[in-house]
Amino acid sequence: MRIDLHTHSRLSDGTSTPQELMSAAVETDLDVVAITDHDTTAGWRSLRPADVPLGLTVVGGAEFSCVARTEDTPVSVHLLGLLFDPDNAALAAARTRLRASRIERAQLMVARFAADGARMSWDEVAADAGDAVVGRPHIARALVRVGWATGIDDAFTRYLGQGSRYWVAKTQLDVIEAIGSIRAAGGVSVFAHPRARRRGSIVADDVIVDMAAAGLGGVEVDHVDHDEVDRTQLRILAADLGLITTGSSDFHGSNKTVPMGACTTPPESYQAIVTAASGAEPISGTHP
Ligand code: AMP
Ligand code: ZN
Ligand code: FE
Ligand code: FE
């Protein structure tokens, strides 16, 4: 069984429609793919078995923007929620809040670029995003269009990181509270790419200990942003804390270079997640 438990569609900052995402999953011989868009369930919540290719199973989820309040500076972290109830009111309200803040923040960032002479406008970025949850990759695309960057990665390196004068903060959920909310909605939480240093600061292991005590379900171990040392250390920590270990591509279509299925989740980890979850069922495809 090949299982990829973290991908993005064009309902957030990926470039594939959910249908294209599922086709790509079939093409790369996946049996299970999770659709985990940032702060939204719009990509998977309306999927029925007849929409999913036969032989493929879709796991519904989302990647929540969170903050870990450590003893020194707060650290931005990403928390996957898998198989939670998409209609759970508290969690839905949290997603709505996160999305509203993303729009305000993107508007401010675009205004700063425009003030410095970049020929871009919020209307144009919003049109590119369409009904997607807007993220920095949409602004990166605009920077490429106006010639300020040679590619999305270049746009992030030059203008979109936290140290940049164009960077604006957005609302984030307290990660301990988010773990509780996902659990209350019947879902399983997984700490996404905990050692991904290239995205910014990472948390110390004691934060993961606190997250486990709050009900964290698993940690993403196999991820392109983790080296072999990270993976080994995370596996040991997960075993100590009784956490499930997962792997994924964190696929973003052509907004990133990583192919779907680049890293995968062991079947026993997937089974443990399905067993622990009660908010939603995986969707097994019936479309011939
Ligand atoms: P945001 O959610 O708006 O803060 O944007 C963060 C998203 O941008 C993350 O989910 C990443 O997928 C994406 N991202 C971060 N760094 C890069 C990069 N260097 N190249 C492409 N995408 C990136
Ligand atoms: Zn993303
Ligand atoms: Fe992430
Ligand atoms: Fe992601």
Side-chain angles (χ1 to χ4, degrees), residues 4-16 21 34-40 42-43 61-68 74-82 95 97-110 113 122 125-126 128-129 132-144 149-164 166-173 175 178 189-203 219-226 246-260 262-263:
D4 187 338
L5 285 187
H6 176 177
T7 73
H8 297 269
S9 80
R10 63 145 296 117
L11 276 304
S12 65
D13 57 8
T15 56
S16 318
L21 206 64
I35 302 180
T36 52
D37 279 307
H38 296 283
D39 308 327
T40 183
E63 185 173 20
F64 292 90
S65 308
C66 297
V67 59
V75 177
S76 292
V77 294
H78 286 174
L79 187 68
L80 296 167
L82 300 172
R95 290 193 298 276
R97 249 186 319 125
L98 293 169
R99 293 196 298 264
S101 163
R102 281 174 168 281
I103 292 173
E104 283 173 32
R105 173 256 216 153
Q107 286 173 333
L108 283 168
M109 289 182 74
V110 169
F113 285 115
W122 167 245
V125 173
D128 177 45
V133 174
V134 71
R136 281 179 289 167
H138 296 105
I139 302 174
R141 290 158 65 92
L143 287 165
V144 174
T150 56
I152 291 177
D153 199 51
D154 183 47
F156 267 90
T157 307
R158 289 167 71 175
Y159 304 113
L160 295 173
Q162 189 159 347
S164 160
Y166 299 100
W167 186 84
V168 176
K170 67 177 188 301
T171 297
Q172 305 176 110
L173 305 179
V175 74
S189 56
V190 175
F191 188 178
H193 46 70
R195 298 279 182 105
R197 290 173 206 80
R198 63 192 289 270
R199 290 154 196 259
S201 312
I202 61 167
V203 297
V219 283
E220 193 172 51
V221 171
D222 288 306
H223 186 282
V224 279
D225 290 350
H226 292 168
T246 71
S248 79
S249 61
D250 200 353
F251 182 70
H252 279 72
S254 59
N255 277 346
K256 279 193 185 169
T257 54
V258 184
M260 192 176 289
C263 296

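Atoms within a ligand are numbered from 1 in the order they appear, just like the ligands themselves. Bear in mind that the values here come from a model prediction, so they are computed numbers and not experimental data.
- Neither side chain, Asp13 nor His138, offers a donor N or O lying under 3.5 Å from an acceptor on the other.
- Ranking protein heavy atoms by distance to atom 20 (N) of ligand 1, first place goes to Asp153 OD1, 3.5 Å.
- Protein N/O/S atoms closer than 2.8 Å to the Zn ion (ligand 2): Asp13 OD1, Asp13 OD2, His38 NE2, His252 NE2.
- Ring geometry for His252 against His38 counts as tilted: the plane angle lies between 30° and 60°, on a 0 to 90° scale.
- Nearest-residue assignment for atom 2 (O) of ligand 1 (options Gln162, Arg136, Arg102; heavy-atom criterion): Arg102.
- At least one N/O/S atom of His193, whether from backbone or side chain, sits less than 2.8 Å from the Fe ion (ligand 3).
- Between Val190 and Leu82, some side-chain heavy-atom pair lies under the 4.5 Å cut-off.
- Looking at Glu63, its N, O or S atom nearest to the Fe ion (ligand 3) turns out to be OE2.
- At a cut-off of 3.5 Å, with distance as the only test, no side-chain donor of Thr15 or Asn255 sits close to an acceptor on the other residue.
- Between Arg198 and Asp225, at least one side-chain N (NZ, or NE/NH1/NH2) sits under 4.0 Å from a carboxylate O, which counts as a salt bridge.
- His193 and His226 have their aromatic ring centers separated by at least 6.0 angstrom.
- At a 4.0 Å cut-off, at least one heavy atom of Lys170 sits close enough to ligand 1 to count as contact.
- Considering backbone and side-chain N/O of His252, one or more are found under 3.5 Å from N/O of ligand 1.
- His78 contributes ND1 as its N, O or S atom closest to the Fe ion (ligand 3).
- Counting heavy atoms closer than 4.0 Å to ligand 1, residue Arg105 contributes side-chain atoms (C-beta onward) but none from N, CA, C or O.
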